[in-house]
Structure formats: C-alpha cells, structure tokens
Amino acid sequence: MELSRRFRLLLSISLFQVLFILSVVRAQPSNAGVKHSEEYCAMYDICGARSDRKVLNCPFGSTAVKPDALLSSRIQSLCPTITGNVCCTEAQFNTLRTQVQQAIPFLVGCPACLRNFLNLFCELTCSPNQSLFINVTSISKVNNNMTVNGIDYYITDTFGEGLYESCKDVKFGTMNTRALDFIGAGAQTFNDWFAFIGRRAPITIPGSPYAINFLSSAPESSGMKSMNVSTYSCADVSLGCSCGDCTSSPVCSSTATPSLHKGGSCSVRIGSLNAKCVDFALTILYIVLVSVFLWWGFVHRSRERSRTFRMKPLSDVADGGEFSVNRQKDENLPMQQMLEDAPQTRNRIQLSIVQGYMSNFYRKYGTWVARNPTLVLSLSVAIVLLLCLGLIRFKVETRPEKLWVGPGSKAAEEKQYFDSHLAPFYRIEQLILATIPDTTHGKSPSIVTESNIKLLFEIQKKIDGLRANYSGSMISLTDICMKPLDQDCATQSVLQYFKMNPDNFDDYGGVEHMKYCFQHYTSTDSCMSAFKAPLDPSTALGGFSGSNYSEASAFVVTYPVDNAIVREGNETEKAVAWEKAFIRLAKDELLPMVQSKNLTLTFSSESSIEEELKRESTADAVTIMISYLVMFAYISLTLGDTPRLSSFYISSKLLLGLAGVVLVMLSVLGSVGFFSAIGVKSTLIIMEVIPFLVLAVGVDNMCILVHAVKRQPLELPLEGRISNALVEVGPSITLASLSEVLAFAVGSFIPMPACRVFSMFAALAVLLDFLLQVTAFVALIVFDFLRAEDKRVDCFPCIKTSSSYADSDKGMGQRKPGLLARYMKEVHAPILSLWGVKIIVISVFVAYALASIALSTRIEPGLEQKIVLPQDSYLQGYFNNVSEHLRIGPPLYFVVKNYNYSSESRHTNQLCSISRCDSNSLLNEISRASLTPKSSYIAKPAASWLDDLLVWISPEAFGCCRKFTNGSYCPPDDQPPCCPSGQTSSSCGLAGLCKDCTTCFHHSDLLNDRPSTAQFKEKLPWFLNALPSSDCAKGGHGAYTSSVELKGYENGIIQASSFRTYHTPLNKQVDFVNSMKVAREFSSKMSDSLKIEIFPYSVFYMFFEQYLDIWRTALINLAIAIGAVFIVCLVITCSFWSSAIILLVLTMIVVDMMGVMAILKIQLNAVSVVNLVMSVGISVEFCVHISHAFSVSCGDKDQRMKEALSTMGASVFSGITLTKLVGVIVLCFSRTEVFVVYYFQMYLALVLLGFLHGLVFLPVVLSMFGPPSRCVVVERQEDRPSVSSQL
C-alpha cells in the first residue's frame, strides 16, 4: 500500500538526520585562547565516539592541512568550494560522505538545493577557515579523551535564506510530500531547519551527537565572521531544477497551467439584487407571456360578447369510424348512454381510423368475453403462470459494481485495465473511535489521552486475536492484510508510533512520545511504524484543523487488505469471511467497550455496503405489505356501490378487488419470471417497488372499467353493458397503458444496470397487467355482476340471499350520481369555466413551470450512500464520521499507457519532474495543479517512480545504484549482505563484503543524465526490487512494486505505469463528481499536449462516472418518453392538436417535478431519472381520459369541458389520484430513506401534480384552446345503423 511505502522512506530519513549531525562533528582545537583566523581549524580529527557509535570531533585547533592529491580530488568532487588546505582528515571526510549520501536522494532532483545543502556541511567539516565561523563552546570527556560537546556555528541570514528558498519546494515523490518534511522536520523557515539540525540527540535517537547553535552574527571582539558562501538559486537555469521543485524557475513561469474546472455562473445585478441569468431571463419571459395572454384574453372576450348568441359545433375532417349519439337535454345521463339510438335528432361522433378499429374491436371483443368468461380467464391466467415458471432461475444481484456500473462504462474499463496491468486497489477495513462533543460548547475534546490510547490497544488486541472460519481453516488479519515489505501488516493506526506493542507505551514516553511523533514522524526512528515506514498522522487521526494533531477528536484505524481481480477467488472469500467476523466483533464486543468509556465507535468493511443492501430487502417488508393492504381495501371500497346496509354484502366488490390485486401480482411475477428465464438477474428494488408501481397503475384501469360497466343501463343485457363499457373506455385505457409501457421502456436506455433492469421489468409488468385487465379482469367483472344479479354474497358466492339489490337499482337514469360526480359537475367544472379563474390558473401554472426550470439548475447530481441503506444501519454513523473526521481524500492515480523509455523517445522528459525534465511534463503539471487544490481537487504532488528511478541511478546518489565487481546488484551498505541482519548501519564498516561495490554509472556513462535504452532496461528491475533504507531512501520495493508493469517491457515499451497522488477530502456527492470531472479534463489535456495516453483512476470513479452526463441522460430519456407518448396519442387519435396539448401538460408535469426535486433537495441520479421517466407514463392517465372525453363531447368548449369532468373527472380522481395517494402515503413510514426520498416524496409530488394538471390545468386549457369536437349534428333518421356498423 501507498502509505507503507512512505514509511520505508521515512526510515531513511531518520538515519539521514543522524548523518547530518555526524558530519558536523569534526576536529577542533583547544578550549582556551582559541585562535580565530584564516587557514586555522576550530576542531580537527576524531577523538571518540558515543555509545551509539556516533563519532565526536577533537576540540583542539590546528592550522589547516594540505591533503594529498587523491584526498583533495575526493573532497572537491563533493565540496567544490573547498580548495587548497583543509580542516578534515580522510576519516572525517569519509564520515561526511557517508552521512550526506542519505540526504542526496532527497535533493538530487534540484541541483541548486543539493549544492547549497552540501556546502553547509562541507564548510563545517573541511573549510580551511573553519575557526572564523566555528567556536567550540562545550567539551566532554569520552574514554579519557576530550571531545566536542557543543559549538556555535555562525552563518549569515543571506546563506540561510538562500539555502531554505532553494530547498523549500523540493518534493520527495515516494511520500507525496516535501523533502524538508524528512530532512528538516517540516521546517517553515531556515531558522526552524537549523534548529532541527543543531539539536543534540539523546543516545540511540537520530540527530547530532553534540549541540550546534546556529547564529547569524559573531561578536565584533571575537575576530570571527559568519560563513557566507554563495548560494545557488533554484531558478538558475544552468542548475536545472524542475518546476515541481522550484516554482520560481523561469521555465515554470513561462508555462501556462492547464485550465481546470471552473464553477463560475452568469449573473445579473439589479441594484443590490444579484440574480442568475437563467432566473432573470425566465422572469422576463413570464412577464411577456402573461402580458400576451392577458391581451389575447381581452380581445377574445370582446369578440365573444359582440357575437350573436349562437354556436354550431365544429366537425373534424378526419375520416374514420363514426357512431351516433342522442342529443338529450338531460345532462345527468352519462356519455355512453347517449350512444343508444333514439327517434330525436342525433349527434354523430367521427372517430379516427385507429379509434374506429379499436372501438369496433372492443365492441365485438366485449361481447365475446361476456359470453366466454371462463375460457378467457383460464387462458390468460395460464399464459402468465407459464411465464412464472422462469422463477426457477430467479437470482438477485447485490454486488454494487454490478448494480450501479454499466458494462460499457469507461471507468469500468479503466478499473479493469488498472487491476489487470498493475494491481487491484486494496480492501479497506476501518474503525473510527471519537470523542463526544461537549454539550455546552459543541466542541469535541481531544482523543489523544493515555486512557484512550490504552483503550485502542485493547481494541487492537481483540482484532489481532480475531479468527474467522473459512472452509475449515481459521483466518486471521495477518493472513489477509497488505504487507508492503512482506513482513508486517500496513495498519494505519497511531499505535504504530509504539510499534503496535503496548509494552512500548511507557518505555517510549507515553502520550508525549505520540505528540512528538506527530511532528517528527518522518525523522525519528522511534516513531517509525512496525512495517518500517513513517506513518502520516493525518491518515490515523481525524477532527483536527491544520496540523494541530494533538487536538484531534478521533482515532482512525485502517486495515488495508489484499484484493483480487477475480471476485470469486479464494483470497477474496477469505477476506469476506474475516470481514463478517470483524463486523460481528465490532457490534458485540468493541462497541459496548467503547460506549462504556463515553466514546463513540463506527466501523466499516469492504463488504459492508453489499451486506447491508441484502439486509435492506427485509427492512421494509412490513411497510410494503401495509401499503398493499391499504390499497386493496381502498380498491374494494371504490369498486363497490354506495354502501347500503340492506344490500352491502351483495353490492360490495371485495372479492373482485382481491382478484384484481392477485392479477397485478401475477403480472409482476410473470415479468420477473420471463427475465429470469433469459438470464437477467433481479434486484432488491424490483421486488419491493415494482409490485407497488404496477398496483398503483393497474388499479386505475380497474376502477375505470368497473365504473364504466356500472354506468350502463341495467335494462341492457350484461354482454351489452360489457361491450358498451369497453367501447367507451377501451381506447383511452389502451392509449394510457401503451404510453406507460413506452415510458417505462425508455428507462432501459439508462446505462446504470439497476435502473435499466428495473425499467425493463416494470415495462413488461405494466404490459402484462394491461393485458390481464382487458382479459382476465373483464371476465372477473362478468362473474361478479352475474353473482350480484343472482343475489349471491360477496366473498361467499355459494350463499344466495333474497335481497332486492337488483330491483333497487333499475336503470342508470334512476340512480343518483355519486358525491364525486356531483362535485365535478356542480362545483368543480362551473368554477373552472369562470373567465377570471381561467386566467389565474394559466398564470399560476405557467409561473410555477418557469420557476421550476430555474430551480432545476440547482439540482445536484449524486446519490448519498446513507440514503440507500436502512436507517438503522451501522454504516449511517460511519459515513457521518467519515465526513466529519477524515482529513485526506481518496488516492488518485494517473495511469500512463505505452511509455516508451528508449533513448530516441522524449517520453521520459515529458513525464518526469526532476532536473532536465520538460517544464510542462505530466508530473510538473500535477505539481502545479496541487497548488490550487480547491479547483483541481489534487492535494499533493504525485509520487513518481520515474523520478525516483532517475535519482536512484544518478552518480550523485552513490549509495543507491551500486554493483559488485561481477556486475550484479549491490545493495546499500546498511542492508544484507553488506550489513548482516541484526546489526545497525553504524556498526557496519567499509571493510565488509561490499567494500568493492561501485556506483552503477558515472556521468560520462549517461546522456544528459538519462540512461540509455539498455541501461534503463537493466536497472528498472533492480530499482523495483531495491529495499529503501537509511543509506538509500529511494529504493522502489514496496513503494512502487505495483506502479510499473514489467510484462513485455524488454521491447522498450512499458505498457502500464502509474503516478500516485491524493484527492482533497471529498465530503459531498458533488465533490466526488467534480473531482472526477476535473481529473479527466486534466488527463485529457495532458494526453493531447504530450501525445501520450493518460487516464486518471480512483476507486470511486466507477460509481460516479454516471453523474458526469446524468443531465444529458435524463433529458434524452425524458424527450424520448414524452415523444413516444406524443406519437402514440397522434397515431390513435389522429389529432395533432389533442396530442400537442397532452404533450404540453406532460412536459409541465415533468418540469414541475424537477422543481419539487430542487425544493426538497433530491439529487439527480439514475433512480430519480427513472422516476421522472415513469412520471411521464403515469401522468398520461391524468390527461388521456379527460382529453378523450372532451374530444367526443358535444357543445361549445365550456360545455364539453363540463361534460368531460362530469363523466371522467370522478373516475380520474377516485380511481387514479386517491388510489395512488393512499398507497404512496404508507411509504413515508419506510425505514429506508431511499424509499422516503425517492418513492414517497417523488411519487406524492407526482400524484399531486398529476391531479392538479389533469383536473385543473388541462380542463382550463381545453376550454380555451381545445381541439374541435368530433360531434356532428345529423338530421336523418336513416343513419341509425351506423352504431353497429361502424363500431
């Protein structure tokens, strides 16, 4: 894992600091009467060593010594400013060289910084004028020898600032951080850096063996003067510092940073009001539309008043079927009753060709069904039961990546490429232990206390002892955890500062040691983790600000676990088994333990979300069942007649309602069975939502069919009533159902599998439900009416009574209309026909539609994970704590395909970021982007295996790339076999097995400091297998093991390699979406600029890719759905004007739904897109029946509007609006928030908006702008046969 790699690096750092100090320890003259002059030494030779083998200089002065030619050459190769006489012996110089070799790998990428840094120690160790700026202030006796114990080192502020400025931005790629974090303890000024270097270290602790007091000016009386060797600026082009290491470099300032995502929006300022351009434009548009409408209304009313009081119905020119209706004065009679012949003048209804055929079909079909109900019922149910046989192959998909990621997803392809060419991203098991906020101030106290640390040790002990049973073998954490160096688990925990050993707590210094490590985790060996790498406290702590780690309110413990490409493999199954045991342990033991200490504990495993989604399948079973029961009860009451005590047991329709619900269930099972048979897996949401949806949709048609039959005259035989009822409502039911099926089917174009499968299942279920309604349910209506006419008891048809039920309802003309019908006819319709009311209705609905357009721009994409999970899930608290406490974002990898490392290619310089790399290279641009984290979402420069490789083979890094005399790889001196295991590097001398090792290359072997193709090919495996250590922190093993694919690299092309950085903390869904969008934009621009294929990868991209174009997906699917409904309406009605009005109303309902989403802060995702698409289909029912009734009514437009509302308004309100409403309301009690937000809230809004548009807005629009009537006055009696002939 990435973190573990850093840790090794850190190790090297600590040693490296020790070296600094050692190099400072040189020979010195006497303690009294010291001479301070040129060519005179303040300390010379080595007079002893501490118990930890750190050498101590002699405190005796002497004149500078002329070295022999070989030593002089060696000194000048490292210290070019030292010429002539020197103040160091060969042993001192060897110590200096050995110590600075640890720092060189960190700084070699910026030659100016390295040169300045070496000069600091070269002047201290070997300068012939050493006594001018070095003064020994303290002497101690070691083994009877006097040694230096403290010195003053006078250095000008000019040198100090020049040194710091040249090094402050130099990065250490392996750790994604500054080199100064390692060799300077994160110093922010040169004084901080000098204070760190000069600190006298205790025994065995990295640091200087004696105190060095850095001062800026010497006393005038002392004759001394501050050291002021010239410093090199990192902006010096001749020294070639990269842009990433030196932001002031001229080549950097001349290179434009790629423009990243900007969230600016257009706005208009009106006085003190600042409005968005969209809002302003829509406001102007509304004012214009209302003004035009009012002007038109005034003119229209004026013309109406000037006309004579006569009006003749217009006739439609459409040719098609016709049927005649009686022109009767009694408006109480329903429309279908007018279809019967009478001796008076008649009105003939001209139907479209399609409607004519449909009416003719339903006339004959209704008669046939009424005569053969048993056959129809048996055949229809048998076919559906045959489809249900597919349930044998029923399977449920619960894997998140299979539910939410499409197979053609770019992110999925990139994940597959990353996993197969590099390595799968590790599994994450995590604990967050946090303090409870103070009730008075609301601030959480610090978690960093002795009792809390000991509690964490207890928790760790239980986790270490956890065993999970997998196929008979016991699995522990050490069996599955990630081990970067193949030894210890890379657990991210503050306990690493004690090597994960509770015995070290008191030995190391307890809480104070931990606080010390927070600031020196990169530079102190005792702070090194058990897996030999530094632990960044920001990854193990939470709830702190800046770098105030001691104020942290949470311990964040992360257990990285190895992952596998193949999900079904044994390794993954072992991990899943351990994860389940881990969650049980956390719930049963750890949580009570933590709560007893007045702390909070939240936890998660890699498989937690999947397991909780499975549990969700039963979380709302009771709620769903109650919803179905409530709808069933309402259906039964609605289908029956007005309750009468004397005949209720006959007139009720409980059995018919129950049979209708059963048919709905059969349609759902048939749909699931069909898709299961062809291998499509179901989802939990299908099993919970589709039955409800189909029931809500199907109930409408049940009510309309039953009410239509009940409206027929009882004088007619039952087959005549059934036939007439189907002629009356069949076309509109067919139109509504086909529109719903098409609208649901459009959802299958959505790329997200869960929603695509949901739409497919729903479309077929709705289609089957429609077919069962016009077959099986019509047959059931026949049976029920026969039961009632035969005076048999509902639910117990075997029992026959002597009730006068049939006699009490003779003729529809004798039956009083229901309460709803009377309200629609006598109250609702008259109010809507008032001109002032029409103006208000049009103005209000248009205003809300335009406001919804403005509001929809504020809808954010995403789907909160917390919403999808049950409200009592343990992950709810975990996600809250993640947002509250985590201070680092997900890892981000920039993956490079087909990197050509040959000498002829420029790819190397186009990618790297050290000296001589292109200023606009990939890594330099990533570094620039990290300077603006708010817009780039990139937190740090990238860790670069390429930079570290180039540094590793550099001649300056003489402790890294080395070879034996036979040409094989030679490790650093502090690693086996050069240094036997168990010995410290300081105890390994230069006379061991590796004494003859030499650096891999001299400068003359390289071309512009770059290896040849053959050199690169040979040394890359060496680098990736090299362990990092104090003598060479740049070893690539662990840190970059999975960053480079070596397969086929011998031909000069590396197929895949990655450069790792981190996103900034991402707390909102929009942050995840924008970070991915910005990363892709950045990679695309870099690919175009460098002509290299580059793509970004982070583990969450696969799930958030859908949101990059969710608006486009939504608008396209909505356009297709609305367009499909328009075409169906146009084909069936052959009336462009009617279809256009339905199109307008549907569009307004969808737009208003988006406005509601914005108000309720419902996010735009595949679930809400499916809901919007479904709202098109469901909204059709609110419009089609009223529109159809209006088109076949006679009279002027106001009369036709009243007629449509009086005949169909009650059915629409009771059968559609109230039915859906009672079922939807129950969903508000769901325990899963996704039901409450995306089904209760959105469906409730849909029902209310559909009701308002269908029974308020649409009638007003029809009364003002409705299409001509299809009713034509016919004077001739001979046309009587037209009913039967045409219908």
Side-chain angles (χ1 to χ4, degrees), residues 292-318 325 327-335 338 347-352 355 732 821 824-846 1129-1130 1133-1146 1148 1182-1210 1212 1252-1274:
V292 171
F293 174 68
L294 292 176
W295 173 81
W296 174 87
F298 175 77
V299 172
H300 182 70
R301 290 292 289 171
S302 299
R303 288 180 180 175
E304 269 193 346
R305 287 171 183 160
S306 65
R307 289 178 186 172
T308 57
F309 186 73
R310 54 187 177 78
M311 202 70 174
K312 196 170 184 178
L314 298 175
S315 59
D316 201 320
V317 295
V325 291
R327 199 176 186 185
Q328 301 183 20
K329 301 292 184 183
D330 187 359
E331 293 182 348
N332 289 328
L333 296 180
M335 177 174 44
M338 300 177 186
N347 293 325
R348 178 172 297 160
I349 305 301
Q350 287 187 325
L351 299 177
S352 69
Q355 284 177 314
S732 60
M824 288 292 172
K825 179 179 178 60
E826 299 169 8
V827 179
H828 193 76
I831 290 177
L832 292 183
S833 55
L834 297 176
W835 190 255
V837 173
K838 293 180 182 180
I839 292 177
I840 292 174
V841 167
I842 296 293
S843 300
V844 170
F845 276 78
V846 172
C1129 293
L1130 186 61
T1133 66
C1134 291
S1135 172
F1136 179 83
W1137 195 234
S1138 295
S1139 303
I1141 290 177
I1142 292 175
L1143 176 69
L1144 171 66
V1145 177
L1146 291 181
M1148 290 182 66
F1182 292 97
C1183 308
V1184 166
H1185 302 295
I1186 297 293
S1187 178
H1188 177 71
F1190 178 84
S1191 67
V1192 299
S1193 297
C1194 301
D1196 62 24
K1197 291 180 179 177
D1198 278 337
Q1199 291 172 339
R1200 292 162 59 200
M1201 181 262 284
K1202 293 178 183 178
E1203 179 68 22
L1205 284 175
S1206 61
T1207 55
M1208 293 304 298
V1212 170
L1252 291 173
H1253 283 79
L1255 295 180
V1256 178
F1257 180 70
L1258 177 61
V1260 170
V1261 172
L1262 290 173
S1263 70
M1264 300 179 70
F1265 311 105
S1269 174
R1270 294 182 181 274
C1271 188
V1272 180
V1273 177
V1274 179

Nearest 0.5 Å, please: how far is [atom2] in [Y] from [atom1] in [X]?
X	Y	atom1	atom2	result
Gln1199	Ser833	CD	OG	10.5 Å
Met1264	Ile839	CE	CD1	7.0 Å
Leu1144	Phe1265	CG	CZ	10.0 Å
Phe845	His1253	CZ	NE2	5.5 Å
Lys1202	Ser1193	NZ	OG	13.0 Å
Glu1203	Ser1206	CD	OG	4.5 Å

Are the side chain of Ser1139 and the backbone of Leu1130 linked by a donor-acceptor contact shorter than 3.5 Å?
-> yes

Does His828 use its side chain to pair, donor to acceptor, with the backbone of Gly1209 at less than 3.5 Å?
-> no

Please tabulate, one pair per line, all N/O donor-acceptor pairs under 3.5 Å involving side-chain atoms of residues 1256-1263, not counting sequence neighbours.
residue : atom : partner : partner atom : Å
Ser1263 : OG   : Lys838  : NZ           : 3.3
Ser1263 : OG   : Pro1259 : O            : 3.4
Ser1263 : OG   : Val1260 : O            : 2.7

Any residue meeting side-chain contact (heavy atoms from CB on, under 4.5 Å) with Val837, in chain and number order, not counting sequence neighbours | Ile831, Leu832, Leu834, Val841

Using side-chain contact (heavy atoms from CB on, under 4.5 Å) as the criterion, list what pairs up with Ile840, not counting sequence neighbours.
-> Val844

Can you check whether Lys1197 reaches Phe1190 side chain to side chain, under 4.5 Å on heavy atoms?
-> yes

So do the side chains of Phe1136 and Pro1267 get within less than 4.5 Å of each other, counting heavy atoms only?
-> no

Nearest heavy atoms of Val1145 and Cys1183, plus distance in Å | CG1-SG, 3.5 Å

